[in-house]
Amino acid sequence: MSTTGYQATFDELGTPLRDVTFVVVDLETTGTRAAEGGITEIGAVKVRGGERLGEFQSLVNPGRPVPAFVARLTGITNAMVATAPDLEKVLPSFLEFAHGSVLVAHNAPFDVGFLKAACERLDYPWPGFPVVDTVPLARKVVTRDEAPNHKLATLARLFRAEVAPDHRALSDARATVDVLHALFDRLGPMGITHLEDLRTAADPVPPEVRAKRHLADGLPQEPGVYLFKGPDDEVLYVGTSTNIHKRVRSYFTAAEKRRRVTEMVRIAERVTPVVCATPLEAQVRELRLIAEHEPRYNRRSKHPERAVWVRLTDEPYPRLSVVRDTASGIAHIGPFGASRAAKEAVAALHDALPLRQCTARIARVPRQPGSPCALAGMGRCSAPCVATEPDQAYDDVSAAARAVLAGDPSPVVTALSARIARLAAQERFEEAGEVTRRLRTFVHGAQRAQRLEPLARCPELVAARPAGLAGAPGMPGGWEVVVVRHGRLAGTAVSAPGQDPLELVAAVRATAEAVAPPVAPAPASHPEEADLLLGWLDQPGVRLVVVDGELTCPVRGAAAHADLAWAADRVREQVAMPDHANRADGSVPHQPLEGGGGTDGVELVERVEVRLREPGLVDEVTEQARVPQERERVGPL
């Protein structure tokens with residue numbers, strides 16, 4: 001079965017087969033190609049509930065000679081069609097006869113292809129009939145033991161059709177009607193009793209999966225979350241959709257190709273829906289339910305406690321540390337989904353700043369000076385462990401690190417970009433790719449923390465966008481209202497057209513969930529939930545209604561480097577630079593630290609990792625201002 005053009009989907013029709021009007025059609029043509037051949041005869045039979053409602057038959061002048069082999073096969077000669085009406089007179093009559101019905105044909109692509117080509121030649125819009133092909137249906141229920149093939153004549157003999165097909169349009173259409181009804185008799189015990197079932201009737205779906213389709217019966221056709229449950233009420237899988245019924249039905253068709261999900265469907269016993277006011281609420285509830293139940297067939301978002309952050313330790317000579325919780329008053333970057341990503345960000349910072357990498361706690365003035373490590377010998381650590389008095393140089397380094405973590409990551413981006421450029425100029429692309437990954441991970445973590453922190457600190461934020469526009473839920477004229485508290489969705493609703501939105505805002509605020517303040521930059525929710533809320537707030541048309549507190553981001557923040565445009569520029573410049581412009585050893589002079597405050601005596605170690613082969617890094621650099629401006633988005637509804 002295939003569908004073409006604008007039409008209602010089978011799921012939307014949802015009509016029992018006995019109530020569907022079918023028009024079984026057959027064509028005779030001058031050839032096998034719709035673009036080159038012409039129609040010589042149209043025959044059709046209209047049926048509903050096993051009753052024949054009418055028939056349509058007409059010869060057609062194809063406007064070209066009928067080939068001899070076609071004349072021998074069909075019995076339609078040039079003399080017979082010479083006085084027949086032209087297609088431009090017959091086609092409108094057939095389209096009117098078939099209006100509002102479902103087309104049925106044996107080998108439907110052939111007949112429908114000629115009809116569509118005829119509509120295109122005569123400048124008629126194709127009505128977009130739902131189409132049912134009896135060939136794949138027959139392959140589903142008629143075995144090779146019963147019939148050697150699935151030709152119309154073979155099936156007509158098998159099912160003892162009242163009319164034998166003879167390559168004339170009306171006779172073949174009448175025979176196809178009997179074949180169609182016989183196929184329906186066999187498909188009924190398989191649970192295919194509605195029009196929407198025909199879409200997947202021929203799919204190679206295991207019988208035990210198809211037998212579970214009843215789990216979708218009665219589910220709401222609204223946005224929300226659905227939970228597949230197995231024995232002992234175990235939650236196997238959690239998903240979300242704008243139409244719960246339609247999405248759950250797709251799990252029992254060939255459209256579902258994920259092996260693990262198919263395995264899940266086999267052991268599922270029921271589906272529990274959770275209807276939500278908006279798609280945003282559905283996405284948030286999905287995250288929360290996955291984190292709560294940890295379904296074995298969901299791969300993502302099951303362990304929010306595994307998110308890690310990077311921050312400086314609180315000691316006389318700070319070092320970078322990967323932690324699972326946030327501390328007040330200390331700059332962080334992250335969260336990262338895995339420790340490996342956090343360690344890559346730490347490596348990027350170590351490449352740019354000579355922070356100590358040892359784990360021992362060092363006193364401000366050690367009682368017994370230690371031995372310098374290899375990093376100190378390479379100039380990558382000021383070795384405070386051997387200082388006999390407070391190490392001011394390391395204080396400058398730690399101050400620069402705090403500035404990088406708190407707001408402006410450009411010193412790290414600049415240093416690593418220079419390293420990438422040098423590696424690219426030397427055609428050491430694999431090393432440059434490794435460095436790029438570290439830089440990209442660091443910038444992503446810094447940008448994420450800078451976006452989450454203001455949202456986590458905001459006690460309450462109320463935003464709204466027009467409903468029913470650009471895919472938004474609700475009817476046009478209403479408003480979708482969202483209440484966010486400390487980065488957690490606390491309430492949402494959609495107003496009716498004409499309703500005062502401020503009344504809805506007051507009601508949602510009064511009934512919204514109470515949220516305890518978190519330790520910023522960590523939000524009071526799953527980090528991915530906060531990301532969803534930020535994505536919703538960034539959508540066109542969203543207006544801030546109430547902001548309790550501040551909602552700002554650093555002007556010189558990580559967002560300015562999200563696409564690594566600075567690194568791409570440095571690579572382009574370095575590759576174009578003549579060889580004599582470099583040092584004799586092929587290196588690039590070190591650059592002073594930027595934005596660190598009191599760091600004149602500190603040099604950057606230019607070790608950068610950039611994935612030059614990643615699309616868009618070098619060849620597709622987006623032009624952007626180096627200092628993005630803050631945007632004011634607060635305004636009345």
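Computed from heavy atoms alone, side chains included, the values below leave out hydrogens, waters and symmetry copies. This is a predicted model, so every value here is computed, not measured.
- Between Arg457 and Glu550 there is no salt bridge, since no side-chain nitrogen of the basic residue lies less than 4.0 Å from a carboxylate oxygen of the acidic one.
- The two residues Ala562 and Val443 have their closest heavy-atom pair at CA-CG1, 4.0 Å.
- Nearest heavy atoms, Arg306 versus Arg324: O-NH1, 3.0 Å.
- A 4.5 Å side-chain heavy-atom check between Leu452 and Pro335 finds at least one atom pair inside the cut-off.
- Taking the charged nitrogens against the carboxylate oxygens, Glu263 and Arg260 have no contact shorter than 4.0 Å, which rules out a salt bridge.
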Check step by step if salt bridge (charged side-chain N to carboxylate O under 4.0 Å, His left out) holds for Arg488 and Glu513.
CA-CA 9 Å; Arg488 180 180 177 86; Glu513 175 187 358; 3.0 Å; yes

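- Contact of the Asp548 side chain with the Leu461 side chain is not registered, since no non-hydrogen atoms from C-beta on lie closer than 4.5 Å.
- Considering only heavy atoms from C-beta on, Val462 stays 4.5 Å or farther from Leu544 through its side chain.
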Between Phe442 and Leu349, does the side chain to side chain contact (heavy atoms under 4.5 Å, CB included) criterion hold? Intermediate values first, please.
CA-CA 8 Å; Phe442 162 73; Leu349 286 162; 3.6 Å; yes

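- Within a 6.0 Å sphere centred on CG of Asp314, heavy atoms belonging to other residues, nucleotides or ligands number 12 at most.
- In this structure, the side chains of Val310 and Ser321 stay at 4.5 Å or more apart for every pair of heavy atoms.
- Looking at Glu256, its side chain does come within 3.5 Å of a backbone N or O of Arg258 through a donor-acceptor pair.
- Between Tyr226 atom OH and Tyr251 atom OH the span is 2.5 Å, to the nearest 0.5 Å.
- In this structure, Val494 and Leu504 approach most closely via the heavy-atom pair C-CD2, 3.8 Å.
- Heavy atoms only, all atoms of each residue included: Pro518 and Ala524 are closest at CG-N, 3.7 Å.
- For Phe228 and Tyr297, the ring centers sit 6.0 Å or farther from each other.
- Looking at His486, its side chain does come within 3.5 Å of a backbone N or O of Ala456 through a donor-acceptor pair.
- With Tyr317 as the aromatic partner, Arg319 does not meet the cation-pi criteria of under 6.0 angstrom to the ring centre and within 45 degrees of the ring axis.
- In this structure, the side chain of Ser241 engages the main chain of Asn243 through a donor-acceptor pair within 3.5 Å.
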Can you list the steps and then say if Arg438 with Glu434 is a salt bridge (charged side-chain N to carboxylate O under 4.0 Å, His left out)?
CA-CA 7 Å; Arg438 292 185 187 176; Glu434 291 296 320; over 6 Å; no

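- Panel note: side chain Asn298, backbone Val238; a donor-acceptor pair is recorded below 3.5 Å.
- For the 3.5 Å distance criterion, the side chains of Glu344 and Thr441 qualify, holding a donor opposite an acceptor.
- With hydrogens and angles ignored, the 3.5 Å screen pairs no side-chain donor or acceptor of Arg451 with any backbone N or O of Leu455.
- Side-chain contact between Arg402 and Pro318 is present, with at least one heavy-atom pair separated by less than 4.5 Å.
- Just one residue in the list Glu529, Glu528, Glu281 forms a salt bridge (charged side-chain N to carboxylate O under 4.0 Å, His left out) with Arg288, and that residue is Glu529.
- Residues Thr326 and His332 share a closest heavy-atom pair of CA-NE2, 3.6 Å.
- The side-chain heavy atoms of Val483 and Thr492, taken from C-beta on, include no pair separated by under 4.5 Å.
- Within the 4.5 Å cutoff, the side chain of Val515 has no heavy atoms near those of the Glu460 side chain.
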Start with the C-alpha distance between Leu532 and Leu489, add both sets of side-chain angles, then the distance that settles side chain to side chain contact (heavy atoms under 4.5 Å, CB included), and finish with yes or no.
CA-CA 10 Å; Leu532 286 174; Leu489 180 65; over 6 Å; no

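- Looking at Asp325 and Arg311, their side chains come closer than 4.5 Å, going by heavy atoms from C-beta outward.
- With rounding to the nearest 0.5 angstrom, the CD atom of Glu315 is 3.5 Å from the OG1 atom of Thr313.
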Please evaluate residues Val546 and Arg509 with respect to the criterion side chain to side chain contact (heavy atoms under 4.5 Å, CB included), reporting the C-alpha separation (whole Å), side-chain torsions for both, the decisive distance (0.1 Å), and the verdict.
CA-CA 10 Å; Val546 176; Arg509 293 181 67 186; 3.7 Å; yes

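- Between the Asp232 side chain and the Glu234 main chain, no donor and acceptor come within less than 3.5 Å of each other.
- Glu431 places no side-chain N or O within donor-acceptor distance of the main-chain N or O of Leu423, the cut-off being under 3.5 Å.
- Note that the NE2 atom of His293 and the CG atom of Leu227 stand 6.0 Å from one another [nearest 0.5 Å].
- A pairwise comparison of heavy atoms in Gly487 and Ser525 identifies O-OG, 2.7 Å as the closest pair.
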Check against side chain to side chain contact (heavy atoms under 4.5 Å, CB included), Leu355 and Val397
CA-CA 7 Å; Leu355 289 164; Val397 173; 3.6 Å; yes

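- Atoms OG1 and CZ, on Thr278 and Arg465 in that order, are 8.0 Å from each other to the nearest 0.5 Å.
- Between Asp531 and Arg448 there is a salt bridge, since a side-chain N of the basic residue sits under 4.0 Å from a carboxylate O of the acidic one.
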Apply the test salt bridge (charged side-chain N to carboxylate O under 4.0 Å, His left out) to residues Asp391 and Arg356: give CA-CA distance (whole Å), side-chain angles for both, the deciding distance (0.1 Å), then the verdict.
CA-CA 12 Å; Asp391 191 341; Arg356 69 183 185 95; over 6 Å; no

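- Distance CD1/Ile244 to SG/Cys276: 7.0 Å, rounded to 0.5 Å.
- Checked by atom type and distance alone, the side chain of Thr240 pairs as donor or acceptor with a backbone atom of Gly224 at under 3.5 Å.
- Here the straight-line distance linking atom NZ of Lys229 with atom CG of Leu236 works out to 10.0 Å at 0.5 Å rounding.
- Using a 3.5 Å distance cut-off with no hydrogens or angles, the side chains of Arg247 and Ser250 do pair a donor with an acceptor.
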